[in-house]
Amino acid sequence: MKSILLVVAVAALYILHQDIWFWRSSHLVFGFIPVGLFYHGLFSVAASLLMWLLVTFAWPSHLEREVEETRREDEPA
Amino acid sequence: LIPAIVVFLYLATVLYIGIFAFRRSTGREKAEDYFLASRSLGPFVFLFSLFGTNMTAFAILGSSGHAFNNGIVTFGLMASSSGLVIPLTIFLIGTRVWALGKKYGFMTPVQMFRDRWECTHIGTMIFAIQAVLLVPYIIIGIMGGGTTLYAISNGTVPYWFGGALVALVVMSYVFFGGMRGTAWVNTFQTVLFLAFGAMALAVIGYGMGGFQAAAEGMKNSPLSWLLTRERISPYYFFSYTFIPLSAIAFPHILIFCLTAKKMNQFKKTVIFYPLCILAIWLPCVFLGVMANRVSDISEIRQKQEARRVLATQGKTMDPAKRDELREESGADDVIMLLLHRYAPLWLAGLLGAGIMAAVMASDSQILALSTMFTEDVFAFYGGKRRFGEAVQVQTGRLFIILITLFAYAVALRAPETIFELAIQYAFSGYAALSPLLIAALFWKGSTKWGALAVTVWTAFAVVAVAVFQAVVPAPAPGPPSVIWSLGGTEVLSRTPGGTAVFGFMPVVPMVLISALLMWVVSLLTRKPTRTTLAKYF
């Protein structure tokens, strides 16, 4: 279930990148940042948060264990 | 000349770091130490060097230049899409390649492919394609060095000399320091150019009397389209999300993934990567757009005039004249012009050093090519066995000299802007190679013949796009020239900036056909042995 939610989150963010809703808007946020640029700035912050979720809930720790096991097998007895 | 002197001091510092790394490695003439820093990089160096190696000249020069002529769309096209796709691929692919490197001692992607698919010469072919596609990236660095020093010194340091100096400094610290020197220099450079964005924004914003008036003025002017994406097709915008797939397929990035001491070091890199991109690209894109409101810099006015003539009279001009105007409207130096105008001399020098830091990211590509040549060709075909490991390292060093000289010679003649050269060839090609990695790591059923099909297709597609764009001249800004349509649908078009296939950039069909070929050809051909598959799954 956790994995499915994370895959959905990744797909949702990918779709949100194509923000057709601000395509033609020249509205200025805080009086100087174009809204399209502001949105994609926030998108980058959201991408960082998503990466934190992935690292926290889907970290491939089995790879580390496999490396450790191989190292132990290679060490002389 | 003061800014140029500050930049020269910066170059000397970078050189010293490389030499220091060399002294640290003395007595350890082992290939793994020279090419991978003994797989021992700590979390801080790993994050900053991996990020820094991916930020080339166009992170600062190309992005602001592109934004000057195309508006805020530049950030969405390259930066925010990279902020999602690149850390995702590092998380999914980089960690797995790291683990395989630790377990089986791989030092290059081709070593892994040869083992995974039980192949020999197909691996050599993958090496050849990777090497050919990597060279433009190295050229970009040298071109950026020449452009930057020329602009910083107000034309006192000629382009050929600036390019030669950057090439010499990069070659020296890569030659002496290997991966350790390259990673340390990259870390130093990344800290510099991360600071650059905020400083440049503050200084130029102060000089312009704040951005509010400039932004408001632009909103109410005929240039208001630069604050939107109305001149960009949504298909084109979507296409760009395929480009960052190239990052993990670049050998220098994948080789960097092998240098981490522990897998935990990937965590910080994956989380902070989008924020680092934001910190560099957002100020550069914003400043590039705002430069259009600066009226007291003659060079900027000339660029705007060339752009205006191209847009209004381009359709009736001959292609050569259009190319000339495109060249004139090229704005890779726009951020340097802003710094000249608004920053005090000493600060312009410091900021120039920050730009040089981004420009000089070609070090990792040079080292990666050398690692690939010595491991995938020299060692694989018996050189290491016959001559020993010390000769292998010396061969790598000789290769570094030769490839740098070659790149410099090409950089002196290449007429294209930094941004176009990078995107059209290297990025699209590597994105089309990314199915190789996904298939090798996640699909038991993939075969060496599938890998060969992907490689041949990538080479064919890159050449086809290059030939098409050379033969069919770019139209004036506006609607594309339709070359082939089917039932009212535009199949193949020549756009002002490149090529469109069904409205998408070529990278989309290139990646999709690569994936399809890997799937179909693998289904029809013999799989690797169970022993090999057991190592990977």
Side-chain angles (χ1 to χ4, degrees), chain A residues 3 6-7 9-75, chain B residues 71-76 79-85 87-88 90-92 95-96 98-100 102-104 205 210-216 218-219 224-230 232 234 237-238 241 262-264 266-275 277-279 281-282 285-286 289-290:
Chain A
S3 306
L6 287 170
V7 170
V10 171
L13 204 59
Y14 184 72
I15 293 166
L16 284 172
H17 184 263
Q18 193 80 4
D19 63 318
I20 46 170
W21 41 91
F22 291 131
W23 208 267
R24 291 172 179 277
S25 173
S26 58
H27 173 70
L28 298 172
V29 181
F30 305 127
F32 70 98
I33 309 174
V35 68
L37 191 59
F38 185 73
Y39 175 87
H40 279 276
L42 286 183
F43 179 92
S44 303
V45 176
S48 181
L49 287 173
L50 177 66
M51 294 308 137
W52 177 80
L53 286 174
L54 287 171
V55 160
T56 308
F57 297 109
W59 186 245
S61 40
H62 65 280
L63 296 173
E64 279 171 310
R65 281 197 299 276
E66 285 171 20
V67 169
E68 278 307 309
E69 280 165 22
T70 313
R71 190 177 293 163
R72 273 199 294 273
E73 283 167 18
D74 290 347
E75 277 172 9
Chain B
I72 61 157
V73 70
T74 306
F75 189 82
S80 59
S81 57
S82 296
L84 175 63
V85 177
L88 196 61
I90 293 173
F91 173 75
L92 291 171
T95 50
R96 279 163 177 80
W98 172 87
L100 290 167
K102 281 273 185 187
K103 277 160 76 176
Y104 305 123
F211 291 118
Q212 205 149 359
E216 276 296 336
M218 188 173 286
K219 190 181 172 187
S224 62
W225 61 272
L226 288 167
L227 305 175
T228 73
R229 277 166 287 166
E230 64 186 48
I232 299 282
F237 190 77
F238 171 76
T241 59
K262 293 178 179 167
M263 203 171 91
N264 263 346
F266 282 85
K267 287 183 177 175
K268 283 194 179 71
T269 304
V270 166
I271 294 169
F272 287 108
Y273 203 98
L275 299 180
I277 286 195
L278 176 70
W281 280 72
L282 195 79
V285 169
F286 184 72
V289 175
M290 288 303 135

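Order of the sequence lines fixes the chain letters, A, B, ..., with proteins taken first and strands second; residue numbering starts at 1 for each chain. What you are looking at is a predicted structure, and each value in this text was computed from that prediction instead of being measured.
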Which portion of B:L88 sits near chain A, non-hydrogen atoms under 4.5 angstrom = both
message = Below 30° counts as parallel, above 60° as perpendicular, anything between as tilted: where do the rings of B:F238 and A:Y14 land?
response = perpendicular
request  = Among A:L50, A:V10, A:V45, A:D19, single out the residue with the greatest number of heavy-atom pairs under 4.5 Å to chain B.
outcome  = A:D19
ask   = Between A:W23 and B:I232, is there a donor-acceptor pair closer than 3.5 Å when you use the side chain of the first and the backbone of the second?
value = yes
note = dist A:S26:OG -> B:M218:CE (nearest 0.5 Å) comes out at 11.0 Å
inquiry  = Just so I know, are the side chains of B:W98 and A:L63 near enough to count as touching, which here means a heavy-atom distance under 4.5 Å?
reply    = no
Partner chain A: residue of B:F266, B:F75, B:F237 with the largest heavy-atom pair count (under 4.5 Å) = B:F237
ask   = If you look at every heavy atom in B:S80 and A:H40, which pair is closest and at what distance?
value = OG-ND1, 2.8 Å
note = Nearest heavy-atom approach of B:G83 to A:A47 is O-CB, 3.6 Å
ask   = About how many Å separate CG of B:L282 and OG of A:S44, when rounded to the nearest 0.5 Å?
value = 8.0 Å
task = Hey, can you tell me if A:F32 and B:F211 have their rings parallel, tilted or perpendicular (30° and 60° cut-offs)?
result = parallel
ask   = Side chain, backbone, both or neither: which part of B:K219 has a heavy atom under 4.5 Å from chain A?
value = side chain
ask   = Can you tell me if NZ on B:K262 sees more than 12 non-hydrogen neighbours from other groups inside 6.0 Å?
value = no
query = Once you round to the nearest 0.5 Å, how far does OG of B:S224 lie from CZ of A:R24?
reply = 11.5 Å
task = Name the option with the most non-hydrogen atom pairs under 4.5 Å to chain A; the candidates are B:R229, B:M290, B:E230.
result = B:R229
inquiry  = If I measure from the heavy atoms of chain B, does A:S25 come under 4.5 Å with its side chain, its backbone, both, or neither?
reply    = backbone
inquiry  = Test side-chain contact (heavy atoms from CB on, under 4.5 Å) on A:W59 and B:N264; report intermediate values, then the result.
reply    = CA-CA 9 Å; A:W59 186 245; B:N264 263 346; 4.0 Å; yes
inquiry  = With a 4.5 angstrom heavy-atom cut-off, is it the side chain or the backbone of A:A46 that approaches chain B, or both, or neither?
reply    = neither
Most chain A-contacting option - heavy-atom pairs closer than 4.5 Å, from B:E216, B:Q212, B:R96, B:K267 = B:K267
query = Rounded to the nearest 0.5 Å, how far does CE of B:M263 lie from CD of A:E68?
reply = 11.5 Å
request  = Using a 4.5 Å cut-off on heavy atoms from C-beta on, say whether the side chain of A:F43 contacts that of B:P274.
outcome  = no
note = Heavy-atom closest pair (B:F91 atom, A:P60 atom, distance to 0.1 Å) is CE1-CD, 4.0 Å
remark   = Honestly, the part of A:L49 sitting under 4.5 Å from a heavy atom of chain B is neither
request  = With a 4.5 angstrom heavy-atom cut-off, could you sort out which part of B:I277 is near chain A: side chain, backbone, both or neither?
outcome  = neither
key: Result of checking A:V35, A:L37, A:L28 against B:L227 for side-chain contact (heavy atoms from CB on, under 4.5 Å)   = A:L28
Straight-line distance of A:M51 CE to B:F272 CZ, nearest 0.5 Å = 13.5 Å
request  = For B:I72 and A:P34, work out which heavy atoms get closest and say how close.
outcome  = CG2-CG, 3.7 Å
task = May I ask you to test the B:T241-A:H17 pair for a side-chain heavy-atom distance under 4.5 Å?
result = yes
Contact class of B:V285 relative to chain A, heavy atoms under 4.5 angstrom = side chain
